[in-house]
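Just so we're clear, the structure is a prediction, and the values are computed from it rather than from any experiment.
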Amino acid sequence: MSKKPSRVRVLMMPYHDDGDKDPVGYSGPATVLTGLPRTIRRHELRLIVPLADSTIYEMEKRGEFPRRFNLTPRCVVWDLEEVEAWLEQRRQAYIEGRAKIAPGPDVHRRKSRPVKRTDDRSI
């Protein structure tokens with residue numbers, strides 16, 4: 001019985017500083033090391049962006065997420081630099097208070113264990 005290869009690839013490896021100028025592992029985007037644009041496949045995107053495929057697809061259609069493109073008819077990739085820029089934009093929007101955050105659930109409408117309302121008026 002043969003061992004199946006792991007589908008998850010390591011995007012970043014730890015940087016070991018032994019006083020040597022050459023890094024042992026990958027310590028940043030591939031564009032830093034090669035100067036070429038780096039593309040990532042779907043399984044790598046899932047490691048970076050914890051959203052469902054359907055959510056990413058809908059956000060792409062609305063223009064809120066970097067667009068994917070096909071390298072071949074069956075190979076879909078995203079530009080790593082665009083994805084990282086999108087993450088940084090989302091982080092800045094959250095820090096500045098411009099991010100859309102869903103409201104918490106209305107616990108008074110729960111069927112099980114509803115929270116009793118406290119009214120200021122006394123009966």
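Checked against side-chain contact (heavy atoms from CB on, under 4.5 Å), A102 has no partners two or more places apart in sequence or in another chain. Partners of R46 by side-chain hydrogen bond (donor to acceptor under 3.5 Å, both in side chains), not counting sequence neighbours, listed by chain and number: D53. Residues passing the side-chain contact (heavy atoms from CB on, under 4.5 Å) test with R110 are V107, R113, V115, sequence neighbours excluded. Partners of N70 by side-chain contact (heavy atoms from CB on, under 4.5 Å), not counting sequence neighbours, listed by chain and number: V76. Residues forming a side-chain contact (heavy atoms from CB on, under 4.5 Å) with K111 (at least two apart in sequence, or on another chain): none. Under the salt bridge (charged side-chain N to carboxylate O under 4.0 Å, His left out) criterion, E82 pairs with no residue, sequence neighbours left out. R98 is linked by a salt bridge (charged side-chain N to carboxylate O under 4.0 Å, His left out) to E96, counting only residues two or more places apart in sequence or in another chain. R62 is linked by a side-chain hydrogen bond (donor to acceptor under 3.5 Å, both in side chains) to E64, counting only residues two or more places apart in sequence or in another chain. Under the rule for a side-chain hydrogen bond (donor to acceptor under 3.5 Å, both in side chains), E58 has no partner lying at least two apart in sequence or in another chain. Take R91 and apply the side-chain hydrogen bond (donor to acceptor under 3.5 Å, both in side chains) test, not counting sequence neighbours, and it matches E88.
When the options F65, W86, F69 are evaluated for a side chain to side chain contact (heavy atoms under 4.5 Å, CB included) with W78, the one that passes is F65.
Atom-to-atom distance recorded for R68:CZ and I56:CD1 is 7.5 Å, nearest 0.5 angstrom.
Clustering of Ile, Leu, Val, Met, Phe, Trp and Tyr side chains at separations under 4.5 Å places I101 together with Y94.
M59 places a side-chain heavy atom less than 4.5 Å from the side chain of L51. No side-chain heavy atom of I40 sits under 4.5 Å from any side-chain heavy atom of V77.
Salt-bridge check for R38 with E81: failed, with every basic side-chain N at 4.0 Å or more from each acidic carboxylate O.
The closest donor-acceptor contact from the side chain of E44 to the backbone of R41 lies under 3.5 Å.
Clustering ILVMFWY residues whenever any of their side-chain heavy atoms sit less than 4.5 angstrom apart, transitively, puts L45 in the very cluster that holds L87.
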